[in-house]
2 protein chains.
Amino acid sequence: MPKNRPNLKDGQLLRKGHLYFMPHLSLDCVIFGFHDNQLKVLLLQWKDTLRWSLPGGFIYKDEHIDDAANRILLSRTGLHDIFLRQFHAFGEAGRVEGQHGLKEISTSKKTWLHERFVTIGYWAIVEFHNVMPAPDEFSEQCKWWDIHRIPKLILDHNMILERALASLRRNLNDYPIGKNLLPKTFTMPELQRLYETVLDKKLDRRNFQKKILSLDILQRMKQRKTGVAHKAPFLYKFDEKKYQRALKQGIKFGI
Amino acid sequence: MPKNRPNLKDGQLLRKGHLYFMPHLSLDCVIFGFHDNQLKVLLLQWKDTLRWSLPGGFIYKDEHIDDAANRILLSRTGLHDIFLRQFHAFGEAGRVEGQHGLKEISTSKKTWLHERFVTIGYWAIVEFHNVMPAPDEFSEQCKWWDIHRIPKLILDHNMILERALASLRRNLNDYPIGKNLLPKTFTMPELQRLYETVLDKKLDRRNFQKKILSLDILQRMKQRKTGVAHKAPFLYKFDEKKYQRALKQGIKFGI
DNA sequence: CCAAAAGTGTTGCCTTTACACCCATGT
DNA sequence: ACATGGGTGTAAAGGCAACACTTTTGG
């Protein structure tokens, strides 16, 4: 049960954060979404410096780090129960000596935020349309960026993002994907675009269909997609039970 | 360059550790070795309580976490330049409330070591014969345990070990193994035993040989192994350049 | 000379890959 | 009608698993 978790505003985080959060330890989330046949990442722009970064945060002293990741995800996206995966802890000695996002930090005298930080990286995949990106009191805005057009981020966040993407790609061969990235129902070409986008590679339409269907995690709906040009594609949805089983047991996709 | 790294003895770690180490953050190493056709793990027994644990330690305030892992590995095994892989950070809120290895901790009043700890797990694979297990001033002994006969360990170390083994197995499909687990030269059956032991699964002798050779990372020596019963097997060694390339680029083993 | 272990090759199956044809729809 | 995208099938290739025979050595 959360006990010591006040909502720290403004300068309070700087002055009082060390009372409630674990020092030296932070957490960064790479939140992937899928829209317009493009892989997107949710980024945050800091006030004052207007620099961009991964959404991140700190871990309450009585909080499981996975819960902290979920909390941070919830606060930026409004989403619960997201597929979340820890992929690496980054602990170079000089990590925080780069430039911060907050001007206040750069200019104020030494606080707990000036100390060295080890950060634990998580990635998540979310359904684009369900997300209402939410900046907090420290951030100017929070918005989706195309994976191919990521700006220069603070600290080592560009590298962390790269590592997250690599982890996501490796994950693709062992576990199904799509449940949280696509709408409830979707077409086979849409699912293929998702795979092609994440892998950054063209796939054969027919072989892809065969492979995916052989995983036995999809259900074909009765009606086809309406209001589209050309031949109407079938709609599919994930079979919840089978999808969950595949998530646990793993699959052999081999792409 | 290391600046603030005194060698803390006895009670000093308890009283002064917080001055030099990052608080709340520890590191545990699962050190795998291979001997007698068995996978071994190096474990440490604490003084006083005589309880067993994974070798671990803390991270100096100016130290890269990977360097800390290497330092801990060096201190327990005497080995440099070991293949080391970070596999997970464990951060349940109540991690340290289980029983400690040091009686001194349990009985002394609250110190930095009583606080909650997040621990970062690494695994390493080392050449069994090169290792001289070295206990430190806190430990009664340091010795190899068969993977199938691991005792009850302190805290959540049994779970961490399980996770390390799972990570090692997954790693086997994407990267070569053996360089640090086998002697300089070895026979094909020996290498196969290694794979079988790690995977805990029987493999076909002939198919294994074909697959391994197709990776193009081995060099066959001119002479065969001498002084063995039955037909003398060929000796092999790893082709250093090709092995390193395979480590970087990955392989497709698929077992 | 026999048992046990090691070297080598072959076959068939099954997965993957490449590719062709037909169908539906909006322009 | 036709261009475009979607649904389905098939043949060739390649990888993998199952398996048999020969060679060598110690006892």
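Naming: A, B, ... by sequence-line order, numbering from 1 per chain.
- Summarising the geometry, the separation between NZ on A:Lys211 and P on D:dT8 is reported as 19 Å, rounded to the nearest angstrom.
- In this structure, B:Ile212 places its CD1 atom 16 Å from C1' of C:dG7, rounding to the nearest Å.
- In this structure, the CG atom of A:Leu203 is 14 Å from the C1' atom of C:dA18, given to the nearest Å.
- Counting only heavy atoms from C-beta on, A:Arg220 has its side chain closest to D:dG7 among D:dA18, D:dG7, D:dT10.
- Applying the 3.5 Å distance criterion, the base of D:dT24 shares no donor-acceptor pair with the side chain of B:Lys225.
- The distance between atom CZ of B:Phe208 and atom P of C:dG7, rounded to the nearest whole Å, is 12 Å.
- Rounded to an integer number of Å, the gap from NZ of A:Lys252 to C1' of C:dC14 is 10 Å.
- Other residues, nucleotides and ligands contribute only 12 or fewer heavy atoms inside 6.0 Å of the NZ atom of B:Lys184.
- Considering only the side chain of B:Asn207, D:dA17 comes nearest among D:dA17, D:dT8, C:dG7.
- Nearest to the side chain of A:Arg206, among D:dG26, D:dT24, C:dA20, sits C:dA20.
- The CG atom of B:Leu213 sits 13 Å away from the C1' atom of C:dA6 (whole-angstrom rounding).
- Relative to the side chain of B:Arg205, the nucleotides D:dC19, D:dG6, D:dC21 differ in distance, and D:dC21 lies closest.
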Item to complete: Take A:Lys252 and A:Asp174 through the test salt bridge (charged side-chain N to carboxylate O under 4.0 Å, His left out) and record every step on the way to the result.
Response: CA-CA 6 Å; A:Lys252 209 177 140 265; A:Asp174 297 330; over 6 Å; no
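- Dashed line: the shortest gap from a side-chain N or O of B:Gln209 to OP1 or OP2 of C:dA6 is not under 4.0 Å.
- Straight-line distance from the NZ atom of A:Lys210 to the C1' atom of D:dG9: 8 Å, rounded to whole Å.
- Taking the six-membered ring for Trp and thresholds of 30 and 60 degrees, B:Phe208 and B:Phe253 have ring planes more than 60 degrees apart, a perpendicular arrangement.
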Discussion item. What verdict does the salt bridge (charged side-chain N to carboxylate O under 4.0 Å, His left out) test give for A:Glu240 and A:Lys179, after you've listed the backbone C-alpha separation in whole Å, the side-chain angles of each residue and the deciding distance to 0.1 Å?
Written reply: CA-CA 9 Å; A:Glu240 186 61 29; A:Lys179 181 74 187 0; 3.4 Å; yes
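- Mapping B:Val228 and A:Pro233 onto DNA chain D via the closest heavy atom, the residue that lands nearer the 5' end is A:Pro233.
- Of all nucleotides listed (C:dG7, C:dA18, D:dG7), C:dG7 comes nearest to the side chain of B:Lys231.
- Contact of B:His230 with C:dA4 (side chain to base): a donor-acceptor pair of N or O atoms is detected under 3.5 Å.
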Worksheet item: Should B:Lys241 and B:Asp239 be marked as a salt bridge (charged side-chain N to carboxylate O under 4.0 Å, His left out) after you check the CA-CA gap, both sets of side-chain angles, and the distance that decides it?
Response: CA-CA 6 Å; B:Lys241 268 193 180 169; B:Asp239 182 309; over 6 Å; no
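- Heavy-atom distances to DNA chain C give each of A:Phe253 and B:Pro189 a nearest nucleotide, and the one nearer the 5′ end belongs to B:Pro189.
- As a whole-Å value, the separation of B:Arg224 CZ from D:dT23 P is 13 Å.
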